[in-house]
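Let me give you the structure first, and then I'll get to my questions.
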Amino acid sequence: MSINRAPKSGFAAEAQRKINSKYSEELAEECLQWIKEITGTPINTSGDMDNFFEVLRDGVLLCQLANSIETGSVKKINESKMAFKCMENITAFLDAAKKFGVPTQETFQSVDLWERQNLNAVVICLQSLGRKAHNYGKPSIGPKEADKNVRNFTEEQLRAGQNVISLQYGSNKGANQSGIIMGNTRHM
């Protein structure tokens, strides 16, 4: 929780517990070890939620990660611990992650990390970035991304496919002009 905020209660507390229940310490630890390997920065790689938050909170390590994947990805890293400077770091990392190919739906918002609202979203973003790292000659984490399987059909093949009535469309058995009749009618 952020130091300057009152503890959540009622619905907000329940929603926060639900979000936190999705957090995986194993995936968080894998992310931190990958970051340590890429950046060469000695960090505590425990996947514990408190440690994960403290290691990444100011965004400095995230910016170093982006610059380690591709030099110059983040132009300026703010070393200040002031809230808006840390949020700038996190935003700069997110912009770099999108340029690396992380889909928008797999990123997080700065407040998810800075205010510890949704650390699972941070893990998802780092896992997604980890899958993209091999495109930049870096070690990757997580499952390998699928390759495109582009298919090119001739006009003749496309026309032939228009005349096929697939069994996937169902059957017209039991149908008549007034509609579909399945089995016997109901007698009352």
Side-chain angles (χ1 to χ4, degrees), residues 1-2 15-81 83-153:
M1 294 283 175
S2 181
Q16 190 64 45
R17 275 192 291 279
K18 191 173 183 179
I19 289 170
N20 288 341
S21 71
K22 296 177 182 178
Y23 179 84
S24 166
E25 285 191 12
E26 294 80 26
L27 290 177
E29 184 174 336
E30 181 183 23
C31 290
L32 289 177
Q33 288 188 358
W34 174 71
I35 292 171
K36 182 179 180 179
E37 181 182 351
I38 298 279
T39 63
T41 305
I43 56 171
N44 180 351
T45 59
S46 166
D48 173 67
M49 200 179 271
D50 293 330
N51 180 62
F52 186 79
F53 171 68
E54 287 302 321
V55 168
L56 300 178
R57 181 179 189 189
D58 62 4
V60 171
L61 188 60
L62 293 174
C63 291
Q64 291 171 350
L65 172 65
N67 284 338
S68 295
I69 292 173
E70 187 173 66
T71 306
S73 297
V74 176
K75 303 288 184 233
K76 182 178 183 235
I77 301 174
N78 298 304
E79 298 293 334
S80 170
K81 299 296 180 200
F84 72 96
K85 292 292 186 183
C86 295
M87 298 275 276
E88 279 181 15
N89 285 342
I90 297 168
T91 302
F93 165 76
L94 290 170
D95 291 342
K98 289 175 191 169
K99 287 178 188 163
F100 293 141
V102 174
T104 304
Q105 65 270 19
E106 291 183 356
T107 61
F108 60 94
Q109 294 183 3
S110 298
V111 294
D112 289 338
L113 175 57
W114 177 249
E115 294 183 1
R116 198 178 177 164
Q117 289 182 2
N118 188 352
L119 294 181
N120 186 53
V122 179
V123 172
I124 290 170
C125 180
L126 290 171
Q127 288 280 315
S128 183
L129 179 60
R131 288 190 299 275
K132 305 285 183 196
H134 76 277
N135 297 337
Y136 298 88
K138 302 293 180 189
S140 60
I141 57 172
K144 182 183 178 293
E145 284 193 311
D147 297 325
K148 286 186 178 180
N149 188 0
V150 179
R151 304 194 180 191
N152 298 313
F153 296 102

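Predicted model only: the values in this text are computed from it and were never measured.
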- What distance do F93 atom CZ and S110 atom OG have between them, rounded to the nearest 0.5 Å?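 Answer for the CZ-OG pair, F93 versus S110, is 10.5 Å.
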- Who passes ring-ring contact (aromatic ring centres under 6.0 Å, His included) against F108, sequence neighbours left out?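 In terms of ring-ring contact (aromatic ring centres under 6.0 Å, His included), with neighbours along the sequence ignored, F108 is linked to no residue.
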- CG on N78 to CE on M87, rounded to 0.5 Å: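 If we round to the nearest 0.5 Å, M87:CE and N78:CG are 12.5 Å apart.
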- Distance (rounded to the nearest 0.5 Å) between L27 CG and I124 CD1: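 Separation between the atoms: 9.0 Å.
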- Message: For S140 versus W34, what's the shortest heavy-atom pair and its separation?
- Response: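 The answer is CA-NE1, 4.1 Å.
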- Query: Atom NZ of K132 and atom NE2 of H134: how far apart are they, to the nearest 0.5 Å?
  - Reply: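 K132 NZ to H134 NE2: 8.5 Å, rounded to 0.5 Å.
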Throw together a table of side-chain donor-acceptor distances under 3.5 angstrom for residues 97-106, partners on residues two or more places apart or in other chains.
from	atom 1	to	atom 2	distance (Å)
E106	OE1	S128	OG	2.5
E106	OE1	R131	NH2	3.2

- Message: What's the separation between atom CD in Q109 and atom OG1 in T91, rounded to the nearest 0.5 Å?
- Response: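 Reported to 0.5 Å precision, the distance equals 10.0 Å.
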- Side-chain (N118) to main-chain (D112) donor-acceptor, under 3.5 angstrom: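 Absent.
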- Distance in Å, S80 OG paired with E88 CD, rounded so as to fall on 0.5 Å steps: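 Here the interatomic distance stands at 9.5 Å.
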Show every donor-acceptor pair shorter than 3.5 Å between a side-chain atom in residues 59-72 and any protein atom, with sequence neighbours excluded, or say none if there are none.
from	atom 1	to	atom 2	distance (Å)
N67	OD1	S73	N	3.0
N67	OD1	V74	N	2.7
N67	ND2	V74	O	3.2
S68	OG	Q64	O	2.8

- Query: Could you walk me through whether I38 and Y136 pass the side-chain contact (heavy atoms from CB on, under 4.5 Å) check?
  - Reply: CA-CA 12 Å; I38 298 279; Y136 298 88; over 6 Å; no
- Message: Using side-chain contact (heavy atoms from CB on, under 4.5 Å), reason through M49 and F53 one step at a time and then give a plain yes or no.
- Response: CA-CA 6 Å; M49 200 179 271; F53 171 68; 5.8 Å; no
- Message: Using the rule given for side-chain contact (heavy atoms from CB on, under 4.5 Å), can you reason through E30 versus V123, listing the C-alpha separation, both sets of side-chain angles and the distance that settles it, and then say yes or no?
- Response: CA-CA 9 Å; E30 181 183 23; V123 172; over 6 Å; no
- Task: Taking all non-hydrogen atoms of both residues into account, name the closest pair between I43 and V55 and its distance.
- Result: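 Scanning both residues, the minimum pair turns out to be CD1-CG1, 4.1 Å.
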- Item | Closest heavy-atom pair and its distance - W114, C86 |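 Residues W114 and C86, closest heavy atoms: CZ3-CB, 3.5 Å.
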- Query: Taking C31 as the fixed residue, which of L126, L56, T45 is the one that meets the side chain to side chain contact (heavy atoms under 4.5 Å, CB included) rule?
  - Reply: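 Exactly one candidate clears the test, L126.
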- Message: Test side-chain contact (heavy atoms from CB on, under 4.5 Å) on N89 and R57; report intermediate values, then the result.
- Response: CA-CA 10 Å; N89 285 342; R57 181 179 189 189; over 6 Å; no
